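Predicted model, so just to flag it, every value in this text is computed and none were measured.
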Amino acid sequence: MRASTLRRLQGGCYAITLCLPPEIAAFAESECRARGFPDADAYLSCMLNTAMFEEMEAEPSPSPIAAFDKGDDDIAF
């Protein structure tokens, strides 16, 4: 079972479907009202878009195997 689906729309954009456990859905419902969003869909869309934008703008993370990128056999500890 997939937790989300990604599908391409006619205009070229993509749509996703999130499957949330009940406690996360309840959290989204309460947060949307507390933060002034019209509904949980708008709140979740804003959160996802913000996270995606921040990820795209962030510096790339260092390679998890950077110690092996140097081409030698010495491993930095």
Handout entry: Spatial distance of atom CZ (Arg7) from atom OG1 (Thr17) [nearest 0.5 Å]
Key = 5.5 Å

Fill in the blank from the handout: Hits for side-chain hydrogen bond (donor to acceptor under 3.5 Å, both in side chains) against Arg8, two or more places apart or cross-chain, chain-then-number order -> Tyr14

Handout entry: Common cluster, Tyr43/Met52, ILVMFWY with side-chain heavy-atom separation under 4.5 Å
Key = yes

Practice task
Please identify each residue that fulfils side chain to side chain contact (heavy atoms under 4.5 Å, CB included) with Ala34, with sequence neighbours left out.
Solution key: none

Exercise for the section: Drop me the distance from Leu18's CG to Leu48's CG, to the nearest 0.5 angstrom. Expected result: 6.5 Å

Exercise for the section: Only pairs at least two apart or in different chains count here, so list each salt bridge (Lys or Arg N to Asp or Glu O under 4.0 Å) that has a residue in residues 19-34. Expected result: Glu29-Arg33, Glu31-Arg35

Exercise for the section: Report yes or no: do Leu6 and Leu20 belong to one cluster of Ile/Leu/Val/Met/Phe/Trp/Tyr joined by side chain heavy-atom distances under 4.5 Å? Expected result: yes

Practice task
Spell out, as yes or no, whether a donor-acceptor pair under 3.5 Å connects the side chain of Thr50 to the backbone of Met47.
Solution key: no

Fill in the blank from the handout: Heavy-atom nearest pair, Cys32 first then Ala40, reads SG-N, 3.6 Å

Exercise for the section: Any salt bridge (Lys or Arg N to Asp or Glu O under 4.0 Å) involving residues 41-59? Give me the pairs, sequence neighbours left out, ordered by first then second residue. Expected result: none

Exercise for the section: Identify, with sequence neighbours excluded, every residue that meets side chain to side chain contact (heavy atoms under 4.5 Å, CB included) alongside Ala42. Expected result: Phe37, Pro38, Asp39

